[in-house]
Amino acid sequence: MSSADIYRELILDYYRSPRNFGKLEKFDIDAHDTNPLCGDDIGMQIRVGVGRSIEEIKFSGKGCAISQASASMLTELAKGKPLEWVKQLSKEDIFKMLGDPDLGPSRVKCALLGMKVLKMGVYGYLGAHYEDPDDTP
Ligand code: FES
């Protein structure tokens with residue numbers, strides 16, 4: 001089995017049994033967005049913990065195997081990380097996480113939808129809870 005096959009299997013496995021799929025009862029961040037090319041939609045909810053970390057995270061919605069697997073893997077990667085970590089997350093990180101698959105432009109949008117939602121949610125939260133370092137004694 002080539003490494004491309006292994007990653008393809010992994011993507012299908014996450015699609016069939018998505019980790020962290022569902023909704024949180026208590027959350028601080030709730031964001032969702034749609035892939036304009038197909039209308040598929042992903043939502044993410046996050047509970048913020050001590051030190052502004054991602055204490056709990058779940059995703060929901062519908063979409064193709066790449067979009068669902070990417071969002072699911074991303075929730076696993078993000079869990080326990082500080083919110084600030086999300087800022088430096090890049091599309092290259094997502095492609096690497098998915099095993100650098102050969103994606104056409106429309107599939108790139110599928111792969112990056114989860115990251116877009118995560119960033120929208122976290123940036124919104126950080127903006128609303130901005131702590132000015134000059135304000136701290
Ligand atoms: Fe809709 Fe991939 S085809 S997210």
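We count ligands from 1, going down the list as the structure has it; atoms in each ligand are counted the same way. Predicted, not measured: the structure shown is a model, and the values here were computed from it.
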If only protein N, O or S atoms under 2.8 Å count, total around atom 2 (Fe) of ligand 1: 2
Cationic N near anionic O, under 4.0 Å, Asp13 to Arg8: no
So, Glu76 and Tyr14: side-chain donor and acceptor under 3.5 Å apart, yes or no? yes
Where Gly80 and Ser53 come nearest, the two heavy atoms and their spacing: O-CB, 4.2 Å
Side chains of Thr34 and Asp40, heavy atoms from C-beta outward: is any pair under 4.5 Å? no
Side chain to side chain donor-acceptor pair (under 3.5 Å) with Arg47: which residues, sequence neighbours excluded? Glu55
Are the side chains of Ser70 and Leu112 in contact, using a 4.5 Å heavy-atom criterion? no
